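A short write-up of the structure that comes next.
Note that the coordinates shown come from a computational prediction; the quantities given were computed from them, not determined experimentally.
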Amino acid sequence: MAVYTLPELPYDYAALEPVINPQIIELHHDKHHAAYVKGANDTLEQLAEARDKDQWGSINGLEKNLAFHLSGHILHSIYWHNMTGDGGGEPLEKDGVGELADAIAESFGSFANFKAQMTKASATTQGSGWGVLAYEPLSGRLIVEQVYDHQGNVGQGSTPILVFDAWEHAFYLQYKNQKVDFIDAMWQVVNWQDVAKRYAAAKERGDSLLLAP
């Protein structure tokens with residue numbers, strides 16, 4: 001019985017044009033994201049079999065596979081909701097996302113500073129990876145992470161609230177090898193309402209996750 005399921009898109013394939021064309025959205029969601037869901041479920045079954053048989057020769061590979069596929073599933077699930085055809089700009093108090101705007105200014109000095117760091121972190125990923133804005137509960141601040149693959153270089157306990165997919169499958173059909181152009185265009189479709197909700201939720205539960213001084 002599957003533990004993880006592929007979530008439906010919150011919009012149709014063409015909703016993010018011209019920033020992302022429908023063919024990319026369809027392939028990215030229906031093929032790539034679906035593969036991570038299947039990979040996570042398959043790995044859980046293989047781990048269950050290893051426990052039943054008390055055979056641990058493949059444990060290192062299985063644990064790595066679970067981290068890879070599960071993180072891919074989680075990040076993509078956030079990614080789809082982080083975008084909207086009516087998005088873009090920057091978070092503003094008049095739009096009801098003032099708390100997020102204040103947190104960005106406090107953590108990075110200004111929205112412009114944050115945008116520059118997030119853009120550079122996303123566009124300069126070596127190979128496959130993500131640019132991630134995350135809430136870090138020990139400091140109570142927002143940080144930018146440059147995530148390798150789906151799970152590398154992540155601060156333990158940090159909660160992603162805005163993610164930019166910098167894997168080639170996210171843009172190559174439309175932007176070819178110009179990753180930086182794709183990342184620049186992504187700012188036109190950011191759903192700040194969704195990011196603000198994720199920030200509020202992460203901040204509310206952050207105190208209960210503090211396991212270190």
Side-chain angles (χ1 to χ4, degrees), residues 6-40 64-65 67-91 104 108 110-134 142-155 158 160-192 194-195 198:
L6 180 68
E8 293 185 4
L9 287 171
Y11 35 70
D12 61 42
Y13 295 138
L16 302 178
E17 284 194 295
V19 174
I20 308 178
N21 68 40
Q23 184 183 18
I24 289 178
I25 296 294
E26 182 176 6
L27 288 171
H28 196 169
H29 176 267
D30 297 1
K31 301 298 183 181
H32 291 280
H33 188 172
Y36 301 130
V37 173
K38 183 178 186 302
K64 182 178 180 180
N65 286 344
F68 176 82
H69 290 296
L70 179 55
S71 295
H73 172 41
I74 291 170
L75 287 170
H76 280 92
S77 297
I78 297 170
Y79 179 66
W80 305 124
H81 287 272
N82 272 171
M83 297 183 292
T84 175
D86 299 323
E90 64 180 277
I104 289 174
F108 300 98
S110 68
F111 177 79
N113 288 346
F114 156 65
K115 183 177 180 180
Q117 184 177 345
M118 182 73 168
T119 298
K120 289 295 183 182
S122 304
T124 60
T125 51
Q126 294 179 325
S128 302
W130 299 71
V132 173
L133 174 66
L142 295 173
I143 60 172
V144 167
E145 297 178 319
Q146 187 182 57
V147 178
Y148 174 70
D149 277 345
H150 297 314
Q151 76 279 21
N153 301 343
V154 176
S158 61
I161 63 172
L162 173 64
V163 300
F164 282 4
D165 192 341
W167 283 61
E168 284 192 346
H169 64 240
F171 64 88
Y172 198 86
L173 288 176
Q174 184 173 354
Y175 293 85
K176 307 307 180 193
N177 64 335
Q178 299 303 311
K179 183 189 295 186
V180 66
D181 291 344
F182 171 65
I183 299 303
D184 284 340
M186 276 290 299
W187 292 102
Q188 301 174 41
V189 294
V190 175
N191 184 348
W192 292 115
D194 181 70
V195 180
R198 294 180 187 278

Close side-chain approach of W192 to L162, heavy-atom, < 4.5 Å: yes
Nearest heavy-atom contact between F171 and A166 is CE2-O, 3.7 Å
Is the shortest heavy-atom distance from the side chain of W167 to the side chain of D149 under 4.5 Å? yes
What I'd like to find out is whether the side chain of I161 reaches to under 4.5 Å of the side chain of L142, using heavy atoms alone. yes
Heavy-atom closest pair, residues P91 and F111: CD-CE1, 3.5 Å
Close side-chain approach of Q174 to Q23, heavy-atom, < 4.5 Å: no
Among I25, I24, N21, which residue satisfies the side chain to side chain contact (heavy atoms under 4.5 Å, CB included) criterion with L16? I25
For H32, run the ring pair (Phe, Tyr, Trp, His ring centres under 6.0 Å) check against H169, H150, H76 and tell me which one passes. H169
Reported CD1-to-OG distance for the pair I104 and S110, which is rounded to 0.5 angstrom: 10.0 Å
Residues V147, F164; criterion side-chain contact (heavy atoms from CB on, under 4.5 Å); working and verdict: CA-CA 10 Å; V147 178; F164 282 4; over 6 Å; no
Going by heavy atoms in the side chains, are V144 and K120 under 4.5 Å from each other? no
side-chain contact (heavy atoms from CB on, under 4.5 Å), that's the test. Do F182 and I20 meet it? Break it down for me. CA-CA 9 Å; F182 171 65; I20 308 178; 4.0 Å; yes
Just how far is it from atom CD of Q126 to atom CD of Q146, taken to the nearest 0.5 Å? 7.5 Å
To the nearest 0.5 Å, atom CG of N153 lies from atom OH of Y148 at 9.5 Å
Please report the closest heavy-atom contact between T84 and V190, naming both atoms and the distance. CG2-O, 4.3 Å
Between A134 and E145, which heavy-atom pair has the shortest distance, and what is it? CB-OE1, 4.0 Å
I need the minimum non-hydrogen distance between K179 and G127, along with the two atoms involved. NZ-O, 3.5 Å
Find the distance between CD (E168) and NZ (K176) and round it off to the nearest 0.5 Å. 11.5 Å
For residues E90 and F114, determine if any side-chain heavy atom of one lies less than 4.5 Å from a side-chain heavy atom of the other. no
A40 versus L70, closest heavy-atom pair with distance: CB-N, 4.1 Å
Residues passing the side-chain contact (heavy atoms from CB on, under 4.5 Å) test with T119, sequence neighbours excluded, are K115, I183, D184, W187
Could you tell me whether the side chain of H28 reaches within less than 4.5 Å of the side chain of D165, counting heavy atoms only? yes
Calculate, to the nearest 0.5 Å, the distance between atoms CG and NE2 belonging to L9 and H81 respectively. 8.0 Å
Suppose we screen for side chain to side chain donor-acceptor pair (under 3.5 Å). Which residues come up paired with Q151, at least two apart in sequence or across chains? none
Would you compute the distance between atom CZ of F68 and atom NE2 of H73 and round it to the nearest 0.5 angstrom? 14.0 Å
I want to check something: taking the side chain as every heavy atom from C-beta on, are L133 and F108 in contact at a cut-off of under 4.5 Å? yes
Determine, step by step, whether H33 and Y79 satisfy the ring-ring contact (aromatic ring centres under 6.0 Å, His included) criterion, reporting the C-alpha distance in whole Å, the side-chain angles of both residues, the deciding distance to 0.1 Å, and the verdict. CA-CA 11 Å; H33 188 172; Y79 179 66; 9.4 Å; no
Trace of the side-chain contact (heavy atoms from CB on, under 4.5 Å) decision for V154 with V132: CA-CA 9 Å; V154 176; V132 173; over 6 Å; no
Backbone of I74 reached by a side-chain donor or acceptor of Y36 within 3.5 Å: no
Atom OH of Y13: over 12 foreign heavy atoms under 6.0 Å: yes
